[in-house]
Structures are given as C-alpha cells and as structure tokens.
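The analysis underlying the following values was restricted to heavy atoms, covering all of them including side chains, and did not include hydrogens, waters or symmetry mates. For reference, positions follow the sequence shown, starting with 1.
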Amino acid sequence: MEMEATVRNVLEQETLKWVFVGGKGGVGKTTCSSILSILLASVRQSVLVISTDPAHNLSDAFQQRFTRIPTLVNGFSNLFAMEVDPKVENDDLTNDEGMDGFISELTNAIPGVDEAMSFAEMLKLVQTMDYSVIVFDTAPTGHTLRLLQFPSTLEKGLEKMMALKNRFGGLLSQATRLFGLGDEFSEDAMLGKLEGMKDVIEQVNRQFKDPDLTTFVCVCIPEFLSLYETERLVQELAKFEIDAHNIIINQVLFDEEVVESKLLKARIRMQQKYIDQFYMLYEDFNITKLPLLPQEVCGVEALKRFSQHFLSPYQSLLVRGTVEELEQRISILRSQLQEAELELERLQKGKQVACFTSASSLLDPF
C-alpha cells in the first residue's frame with residue numbers, strides 16, 4: 001500500500017538554510033521550486049529563490065522579470081527571486097577584466113572552473129544577505145551534479161596554478177614587471193583570488209553536507225527515463241553526503257476521468273507501473289504525487305492554487321465503481337448523446353438545403 005506524503009517536513013524543519021530542487025529537464029522543477037518558496041515564505045522570515053538553470057523559467061513561472069539582483073516577487077513582502085547564468089556571471093567576477101581573462105586562460109584546461117568561480121561569487125553575495133532560507137531551482141541533473149563538484153574543481157584549479165607558479169613563477173614576475181602590468185597580475189594575487197573563492201565554496205559545502213541545514217528535493221515524472229535519472233541523482237547525492245528524503249512525482253494521471261479513452265487508460269497503467277517502482281525503491285522517502293493539469297501553472301495565483309497538493313495528498317474527484325461515478329458517467333453520456341443528435345440534425349438540414357439548391361439549378365438553368 002502506497003503511503004501518501006507531502007512536503008510539510010521541509011516546511012517544518014526550521015533549521016533548513018538551503019533547499020535544492022532538481023531532476024531531469026522538463027519535469028516541472030521550476031514550478032515545484034516556485035511553490036516551495038511560496039510555502040516557505042508563509043512560515044519563514046525571508047526567502048530567496050535562485051534559478052541556476054540557463055533556461056531561466058522562474059520569470060515565466062511568476063510572470064515577472066527577474067535578473068541577477070534579488071527582486072521582490074509581486075504580492076509578497078518576504079519572497080525574493082534572482083536568475084544567475086554562470087557563463088555570463090563569469091565575465092563580471094571583478095572590475096579587473098584583464099586579470100579575469102588571464103585566469104580564464106590559465107584555468108581553461110580544467111572543465112567547469114569558470115562555473116565554480118562564478119558560483120563562489122554568487123554564494124559570497126548571497127551570504128552577505130540575511131535570508132532565512134534559500135531555494136535553488138537547479139539546471140537539469142548533469143549540471144546539478146557538476147555544481148556539487150565545484151569544491152573539488154576549484155581544488156584542481158589551485159593545484160594547476162601552484163604547478164604553474166612553481167614552473168614559471170620567476171618568469172611571470174619578470175614579465176609583469178617588464179610590461180608594467182602591476183601587482184594585480186602577480187601569481188600571488190591570482191592564487192589569492194582562487195583561494196578566497198575556495199574558502200567560500202568550502203564553507204558553503206560544509207553547510208550543504210549538514211542535513212540540519214540542507215536538503216535536496218528530487219522532481220520527476222512517472223516514466224522510465226525520469227526514474228533512471230532520479231536513481232542516478234539520489235546515488236550521487238549520497239556520494240556527496242547531501243541529504244535527500246523528498247521526491248515529487250509530477251504530471252500524474254489519476255484514474256478519475258469518466259470519459260472512456262484507450263490512450264488515457266494505457267498511460268495510467270504505464271504510469272502506475274513506474275509509481276510502484278518509485279515506492280519500492282524509495283520506501284523511506286516522502287513521496288508526493290501531483291496531478292497532470294489541463295493547463296500550465298503560471299502566475300502567483302495559479303501557483304498558490306496548485307500549492308494545496310504539496311500540503312495534502314491529491315484526492316481523486318471520483319472513485320470508480322461508486323454510485324456517484326456511475327451517475328456522472330450516465331450524465332456525461334446523456335449530454336454526449338444530445339450533442340450527437342444536434343449535430344446529426346444540423347448535417348441533415350445542410351444536406352436538404354444542398355439538395356434543394358441543386359434541384360433549383362436544374363429547373364432554372366438560366
């Protein structure tokens with residue numbers, strides 16, 4: 001028997017500082033992170049939701065333009081949102097463009113070091129602001145896992161810089177003096193910059209590994225690829241010692257449609273197979289099922305309406321085999337029959353008019 005769960009445990013954990021929301025692309029991460037931030041804003045003093053996904057759907061979800069500067073969400077006094085693009089952010093790490101370019105060239109051989117540095121800068125910025133809790137709307141799984149590897153990426157960057165310093169330190173110092181480039185190009189200045197970022201990211205990384213301060217909410221849909229991605233994500237989170245005990249299964253079709261559809265029935269059966277596997281694999285997780293809606297969830301009011309399903313398990317409007325369900329089916333069949341009769345009547349009238357017109361043209365050719 002499936003035990004229905006909600007995200008109340010996240011809202012009730014008052015010590016939480018960081019909440020990550022992640023999963024495969026297109027499963028509804030942004031909707032879930034937006035709603036989680038709205039719910040947290042009702043129980044916390046101040047909430048910041050950050051999108052680290054280059055697609056930046058946060059603006060679409062709230063129907064409000066956000067930038068890299070935290071902006072108050074319309075209709076709230078304590079909910080802020082910002083969108084960060086690691087690739088763009090890296091161009092603005094400091095006002096010292098030449099040095100950034102030089103560091104970028106030196107560390108080009110280390111994949112992800114530019115993202116790691118910009119992420120460190122963003123965290124430094126966020127830590128200076130006193131938010132009660134920060135919600136991360138992360139990029140699809142692969143990017144998220146890279147984000148968690150940033151401390152080791154910076155470690156590699158520092159090792160490479162040290163190796164370069166040991167090999168070319170004297171030459172570099174002579175070159176900077178020769179061309180009058182100043183102290184900002186010295187190896188100590190560059191190493192200092194990387195060290196500073198590493199300190200920030202390691203401090204935050206310690207917080208990420210503390211289950212009292214950090215949790216990861218996995219969002220998925222009841223399909224094979226999403227189940228596979230979620231399993232990969234959960235295993236990686238365990239490897240990085242990051243707490244995860246909530247899974248949101250989005251876009252679930254509930255067997256409540258009284259319209260008989262073979263396609264719908266087949267999809268429900270397929271989804272149920274994967275839902276059963278989720279419950280079997282993650283029996284110690286809080287699993288929340290969200291219904292597939294006929295429309296998109298956009299704007300604050302729509303997000304607030306949908307948030308009720310995060311707080312209490314979704315209840316089907318009708319239960320198959322009950323008197324109410326049979327009455328509903330009969331009512332729908334009657335209305336469908338009336339529509340079909342009206343359509344037939346309209347077609348017959350159209351046919352009669354067409355026959356009359358063709359008969360008239362035969363009688364009066366001129």
Is the backbone of I69 close enough, under 3.5 Å, to the side chain of E83 for a donor and an acceptor to pair up by distance? no
Please test V133 against K17 for side chain to side chain contact (heavy atoms under 4.5 Å, CB included), starting from the C-alpha separation and ending with a verdict. CA-CA 4 Å; V133 62; K17 173 76 177 174; 5.8 Å; no
May I ask you to establish whether K304 and F76 are in a cation-pi arrangement, using a distance under 6.0 Å from NZ or CZ to the six-membered ring centre and at most 45° from the ring axis? yes
Short side-chain to backbone donor-acceptor contact, N286 and N246, under 3.5 Å: no
Could you walk me through whether E301 and R305 pass the side chain to side chain contact (heavy atoms under 4.5 Å, CB included) check? CA-CA 6 Å; E301 289 311 309; R305 278 196 302 275; 3.9 Å; yes
Anything under 30° is parallel, anything over 60° is perpendicular, the rest tilted; go ahead and classify F20 against F208. perpendicular
Mark yes or no for whether T138, through its side chain, and V21, through its backbone, hold a donor-acceptor pair below 3.5 Å. yes
F278 and P222 have their tightest heavy-atom pair at CE1-CA, 4.4 Å
Verdict with reasoning, S37 to F62, per side chain to side chain contact (heavy atoms under 4.5 Å, CB included): CA-CA 11 Å; S37 63; F62 283 105; 4.1 Å; yes
For L16 and R44, work out which heavy atoms get closest and say how close. O-NH2, 2.8 Å
Could you check whether atom CD of Q308 has more than 12 heavy atoms from other residues, nucleotides or ligands sitting under 6.0 Å from it? yes
N9 and H245 side chains, donor-acceptor separation under 3.5 Å: yes
Y282 and E231 side chains, donor-acceptor separation under 3.5 Å: yes
Report yes or no: does R68 contribute a side-chain atom to a donor-acceptor pair with the main-chain N or O of V84 at less than 3.5 Å? no
To the nearest 0.5 Å, what is the distance between CG on L213 and OG1 on T15? 6.0 Å
Parallel, tilted or perpendicular: which fits the ring planes of F136 and W18, with parallel below 30° and perpendicular above 60°? parallel
Looking at K24 and T230, would you say the former's side chain and the latter's main chain have a donor-acceptor pair under 3.5 Å? no
No-hydrogen, no-angle side-chain donor-acceptor test under 3.5 Å, S59 and Q64: no
One pair to check against side chain to side chain contact (heavy atoms under 4.5 Å, CB included): T214 and D243. What are the steps and the verdict? CA-CA 7 Å; T214 305; D243 174 75; over 6 Å; no
Assess, by modelled atom type and distance only, whether the side chains of S46 and N78 contain a donor and an acceptor separated by less than 3.5 Å. no
Just verifying a value: how many Å separate M82 CE and L58 CG, rounded to the nearest 0.5 Å? 10.5 Å
Value rounded to 0.5 Å, distance of CG in L281 from CD1 in I247: 8.5 Å
Between L40 and V10, what is the shortest heavy-atom contact and its length? CD2-O, 4.3 Å
Under the 3.5 angstrom rule, does the side chain of Q45 hit a backbone N or O of Y131 as a donor-acceptor pair? no
